[in-house]
**Student:** 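I'd like to ask you about the structure that follows.
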Amino acid sequence: MPPCGAGVDRSSHSMDKSITLPPDEIFRNLENAKRFAIDIGGSLTKLAYYSTVQHKVAKVRSFDHTAKETEGDPLYEISMQEEVSARLHFIKFENAYIETCLDFIKDHLVNTDTKVIKATGGGAHKFKDLIEKKLKLRVDKEDEMTCLIKGCNFVLRNITHEAFVYAKHADSEFRFQNTHPDIFPYLLINIGSGVSIFKVESEDTFERVGGSSIGGGTFWGLGALLTKTKRFDELLQLASKGQHTNVDMLVKDIYGGSYGSLGLTGDLIASSFGKSATPDKEFSKEDMAKSLLHMISNDIGQLACLYARLHNLTRVYFGGFFIRGHPVTMHTITYSINFFTKGEVQALFLRHEGYLGTIGAFLKGAEEDSRP
Amino acid sequence: MATKPSSFVAEQTHCCEFKTTLFLSLPIFLNLPINLSKHLLFPVPAFPWFGMDIGGTLVKLVYFEPKDITAEEEQEEVENLKSIRHYLTSNVAYGDTGIRDVHLELKNLTMCGRKGNLHFIRFPTQDMLGFIQMGRDKNFSSLHTTLCATGGGAYKFEDDFRTIANLELQKLDELDCLIQGLLYVDSVGFNGHPKCYFFENPSDPESENCVKRACCLDNPFPMLLVNIGSGVSVLAVYSKDNYKRVTGTSLGGGTFLGLCCLLTGCETFEEALEMAAKGDSSNVDKLVKDIYGGDYERFGLQGSAVASSFGHMMSKEKRVSISKEDLARATLVTITNNIGSIARMCAVNEKIERVVFVGNFLRINTVSTKLLAYAMDFWSKGQLKALFLEHEGYFGAVGAFLELLRTTDDL
């Protein structure tokens with residue numbers, strides 16, 4: 001059974017060279033899954049399931065030695081106990097492999113009374129019949145925006161060190177934030193295939209205020225065209241090794257230095273890919289990937305600033321699977337936001353970035369079930 | 001040697017007396033910026049008169065061809081000055097890459113008491129050194145003229161001009177020149193033709209009803225000026241001397257051309273546009289309907305809206321099914337829509353309703369101009385209006401040229 005997480009192309013004759021994780025690792029504790037939530041986006045499907053995990057726990061009991069000592073008595077005792085704890089598991093896979101993965105889940109679902117799966121995202125409409133047929137579960141559609149915001153509010157309030165600030169040159173690159181009861185208002189920028197921008201003012205007051213078609217899908221698509229690299233993570237790897245200055249036209253390429261009167265330093269990018277119109281020149285994959293990453297990250301950062309300014313918000317959270325903890329992306333977005341807002345707006349990233357919608361859908365299901 | 005200053009002045013005074021009566025009767029003069037009229041009585045700079053804007057990708061040159069040269073003046077005229085004039089005005093192409101935009105020529109202008117035509121010439125910045133060498137070969141420095149230049153290249157190539165051609169550049173700020181140039185061209189008119197236009201019925205760019213309509217830039221302030229060159233600058237202009245650069249983006253004309261070259265193998269801007277005109281980007285981009293199966297009313301998004309630019313290109317089947325033309329189109333649409341989006345947000349933040357788009361990205365590019373008109377109209381629900389100008393890429397050079405006429409202390 002080909003594991004979905006590693007993304008095997010069934011139609012090809014040879015197996016993919018990427019590392020394949022054994023299915024049990026990816027779909028941990030699937031047998032005991034109690035509740036499912038699925039978020040089908042433009043390129044990726046995100047799944048969350050609640051399951052119990054059995055594990056051994058070492059318990060230590062120390063003895064009281066204030067009484068008179070007896071030779072040979074142990075100082076402490078260790079016992080092993082079986083514990084069952086509940087966990088929320090997260091998986092993502094490309095939409096292209098959805099059927100394969102659904103088959104796998106169905107085959108391994110043993111111990112479940114679950115009848116319903118909560119679904120959100122655009123694909124909830126598109127793949128509803130497929131899911132129902134494969135999993136023999138009823139698909140309960142939930143609104144994407146509601147789930148997204150619900151998930152975001154939940155993690156910000158309940159998961160310690162969920163949100164963090166990235167500072168490339170600081171002692172500790174990642175500055176994790178503590179949970180805060182007072183999280184409103186904030187701007188949420190969800191970078192999936194495309195970009196959606198949400199203003200969240202309270203638990204119930206939120207709206208989509210804008211968006212952009214230049215997002216993760218653009219990086220993936222243009223990256224695939226320019227570098228012939230098909231995997232998103234490989235593109236990110238290429239980007240981390242590239243020199244964008246070979247491809248981009250910088251301010252110093254136009255001015256011979258900085259554009260002083262406007263405060264534009266020579267190293268700023270004046271025109272992305274501005275040097276690649278030379279017909280006989282070849283550019284390396286790494287350089288092009290880096291340029292592309294900068295181009296898209298800067299653009300998103302700028303848009304974030306324009307919206308933050310319009311709505312008078314000083315905190316911007318980034319969700320979606322574009323970022324993936326990649327240092328170049330986080331640095332570029334952070335730098336961009338600092339640059340365009342002169343440090344007034346703070347860029348924050350989330351550890352569960354792309355799973356916000358899934359978490360929200362899951363919570364919706366949990367809420368409904370707990371109602372008498 | 002150049003003409004002697006004194007005879008020049010005498011000539012001027014004579015002309016001045018003759019022209020005073022005409023000055024009052026010709027309405028066009030009333031639109032001239034006031035400070036120029038002072039020059040009727042003051043010495044004017046020596047010919048030739050140029051204004052240069054050296055950008056990231058293109059060099060824009062304006063050249064004033066005097067049409068009122070008297071027989072006397074012609075006799076005294078230096079050989080290289082005459083040859084420069086003949087070379088520029090009797091050709092429309094220079095070398096392999098220089099082009100004179102004849103359709104933009106401004107005829108019968110009167111500047112500093114001289115009557116003539118203003119020519120608009122462009123060539124790639126890549127060929128700059130060749131241009132400087134030509135200046136050396138034609139002994140340009142002997143003409144003792146000031147070369148007013150703006151754009152980044154005025155700084156970048158300053159030393160080259162000095163060391164190769166013995167020419168001093170008078171460097172000017174590109175945004176100052178842009179605005180002064182724009183206001184000047186608007187004030188003189190375009191040989192009786194409209195120079196400013198917008199699109200009627202922008203909501204359907206493909207239809208025949210989406211037509212170009214002339215308009216005026218009367219009471220132009222405040223305006224949001226979006227200059228799309230290699231990169232983009234967005235300016236909020238409140239008056240002739242009061243403006244600020246709101247922001248900029250690196251996704252500009254240079255990005256379009258660069259990406260297009262990489263994706264399709266094209267070599268020039270014209271080629272790229274030709275391909276884009278024939279392409280269909282809906283197979284390249286992931287649309288809302290590809291994700292939702294239709295419209296997404298909750299977000300107010302139509303199924304035909306682009307959700308993710310190039311979003312289909314991670315799939316191998318899609319990659320082999322699209323053409324170069326489709327890629328060119330997708331690149332053009334992506335860059336244009338992004339600029340439109342940024343322009344709209346700036347207009348809203350700055351509370352300005354009129355957005356003027358200039359820059360050579362829009363040259364012969366109706367796909368982009370119509371898209372920008374549509375974007376401004378659609379996203380603002382008709383509140384914002386997109387305006388375009390015929391001389392789009394040359395305002396910086398015109399502004400530099402105006403500065404030449406303002407500075408008289410070189411004599």
Side-chain angles (χ1 to χ4, degrees), chain A residues 41-43 96 121-123 125-126 143-145 192-194 196 208 210-218 220-222 224-226 230 232 247-249 251 253-257 259 261-262 268-279 283 288 295 298-299 302-303 306-307 309-310 340, chain B residues 55-57 151-153 155-158 173 175 229-231 245 247-255 257-263 267 284-286 288 290-294 296 298-301 305-316 319 327 334 337-338 341-342 345-346 348-349:
Chain A
S43 316
H125 308 263
K126 209 170 155 193
D143 172 65
E144 177 178 342
M145 177 163 63
S193 306
S196 276
R208 184 183 188 271
S212 165
S213 67
I214 299 182
T218 314
W220 199 350
L222 261 180
L225 286 168
L226 292 172
K230 291 168 230 148
F232 190 87
V247 179
D248 293 335
M249 190 184 282
V251 169
D253 293 317
I254 306 179
Y255 274 82
Y259 186 174
S261 55
L262 280 185
L268 287 175
I269 303 173
S271 179
S272 295
F273 287 90
K275 284 190 181 143
S276 44
T278 23
F283 298 92
M288 289 194 287
M295 181 177 107
N298 274 323
D299 192 51
Q302 177 171 45
L303 214 57
L306 290 170
Y307 279 95
R309 178 157 166 222
L310 181 62
F340 287 115
Chain B
T57 309
Y155 296 80
K156 185 175 173 186
F157 294 105
E158 185 181 21
D173 175 70
L175 299 180
S230 309
R245 185 178 186 271
T247 190
T249 174
S250 67
L251 282 80
T255 314
L257 189 55
L259 275 177
C260 233
C261 289
L262 289 172
L263 294 170
E267 292 186 2
V284 178
D285 296 333
K286 198 167 263 181
V288 169
D290 293 325
I291 303 180
Y292 289 86
Y296 190 18
R298 185 83 148 92
F299 283 0
L301 294 172
V306 180
S308 177
S309 296
F310 290 89
H312 276 315
M313 297 289 93
M314 73 268 287
S315 140
K316 184 162 184 199
R319 274 201 303 274
L327 287 176
T334 304
N337 278 333
N338 192 53
S341 181
I342 293 172
M345 284 307 291
C346 287
V348 171
N349 275 335

**Student:** Could you have a look at A:Ser272, A:Ala270, A:Gly194, A:Gly217 and say which one has the most heavy-atom pairs with chain B under 4.5 angstrom?
**Tutor:** A:Ser272
**Student:** Hey, can you tell me if B:Tyr296 and B:Tyr292 have their rings parallel, tilted or perpendicular (30° and 60° cut-offs)?
**Tutor:** parallel
**Student:** Is it the side chain or the backbone of A:Met295 that comes within 4.5 Å of chain B heavy atoms, both, or neither?
**Tutor:** both
**Student:** Let me know if A:Phe232 has heavy atoms under 4.5 Å from chain B in its side chain, its backbone, both or neither.
**Tutor:** neither
**Student:** With only heavy atoms counted, which part of A:Ser43 is less than 4.5 Å from chain B, the side chain, the backbone, both or neither?
**Tutor:** both
**Student:** Tell me which of these, A:Thr218, A:Val251, A:Leu268, has more heavy-atom pairs under 4.5 Å with chain B than the rest.
**Tutor:** A:Thr218
**Student:** Does the B:Asp285 side chain pair with the main chain of B:Phe310, one donor and one acceptor, at a distance under 3.5 Å?
**Tutor:** yes
**Student:** Pick from B:Leu175, B:Thr57, B:Leu259: which one has the most heavy-atom pairs with chain A under 4.5 Å?
**Tutor:** B:Leu259
**Student:** What part of A:Ser193 lies closer than 4.5 angstrom to a heavy atom of chain B: side chain, backbone, both or neither?
**Tutor:** both
**Student:** Can you tell which of B:Ser308, B:Gly258, B:Gly231 has the highest number of heavy-atom pairs within less than 4.5 Å of chain A?
**Tutor:** B:Ser308
**Student:** Which residue out of A:Gly256, A:Gly221, A:Gly257 racks up the most heavy-atom pairs below 4.5 Å with chain B?
**Tutor:** A:Gly221
**Student:** List for me each residue that meets salt bridge (charged side-chain N to carboxylate O under 4.0 Å, His left out) alongside B:Lys286, sequence neighbours excluded, and say none if there are none.
**Tutor:** none
**Student:** Would you please name every residue forming a salt bridge (charged side-chain N to carboxylate O under 4.0 Å, His left out) with B:Arg319, sequence neighbours left out?
**Tutor:** none
**Student:** Taking side chain as everything from C-beta outward and backbone as N, CA, C, O, which of these in B:Asp290 sits under 4.5 Å from a heavy atom of chain A? Side chain, backbone, both or neither.
**Tutor:** backbone
**Student:** Which region of A:Leu262, side chain (C-beta onward) or backbone (N, CA, C, O), has a non-hydrogen atom less than 4.5 Å from a non-hydrogen atom of chain B, or is it both or neither?
**Tutor:** side chain
**Student:** Do A:Asp143 and B:Arg298 meet the salt-bridge criterion of a basic N to acidic O distance under 4.0 Å?
**Tutor:** yes
**Student:** Can you tell which part of A:Arg208 gets under 4.5 Å to a heavy atom of chain B, answering side chain, backbone, both or neither?
**Tutor:** side chain
**Student:** Where does A:Leu310 contact chain B at under 4.5 Å (heavy atoms): side chain, backbone, both or neither?
**Tutor:** both
**Student:** Do you know which of B:Thr247, B:Leu257, B:Leu251 has the most heavy-atom pairs under 4.5 Å to chain A?
**Tutor:** B:Leu251
**Student:** Quick one: which of A:Gly215, A:Gly216, A:Gly123, A:Pro279 has the most heavy-atom pairs under 4.5 Å with chain B, could you say?
**Tutor:** A:Pro279
**Student:** Give the intermediate values and the outcome of side-chain contact (heavy atoms from CB on, under 4.5 Å) for residues A:Ser276 and B:Cys261.
**Tutor:** CA-CA 7 Å; A:Ser276 44; B:Cys261 289; over 6 Å; no
**Student:** Between A:Met288 and chain B, with a heavy-atom cut-off of 4.5 Å, which part of the residue counts as in contact: side chain, backbone, both or neither?
**Tutor:** side chain
**Student:** Please report the closest heavy-atom contact between B:Tyr155 and A:Tyr255, naming both atoms and the distance.
**Tutor:** CB-O, 3.4 Å
**Student:** Give the intermediate values and the outcome of side-chain contact (heavy atoms from CB on, under 4.5 Å) for residues A:Leu303 and B:Ser341.
**Tutor:** CA-CA 9 Å; A:Leu303 214 57; B:Ser341 181; 3.9 Å; yes
**Student:** Just so I understand: if I count every heavy-atom pair under 4.5 Å between each of B:Gly248, B:Gly229, B:Gly252 and chain A, which residue has the most?
**Tutor:** B:Gly248
**Student:** Using a 4.5 angstrom heavy-atom cutoff, name the option from B:Gly293, B:Gly153, B:Gly56 with the most pairs to chain A.
**Tutor:** B:Gly56
**Student:** With no hydrogens and no angle check, do the side chains of B:Asn349 and A:Tyr307 hold a donor and an acceptor under 3.5 Å apart?
**Tutor:** no
**Student:** Specify which of A:Met145, A:His125, A:Gln302, A:Met249 makes the most heavy-atom pairs with chain B at under 4.5 Å.
**Tutor:** A:Gln302
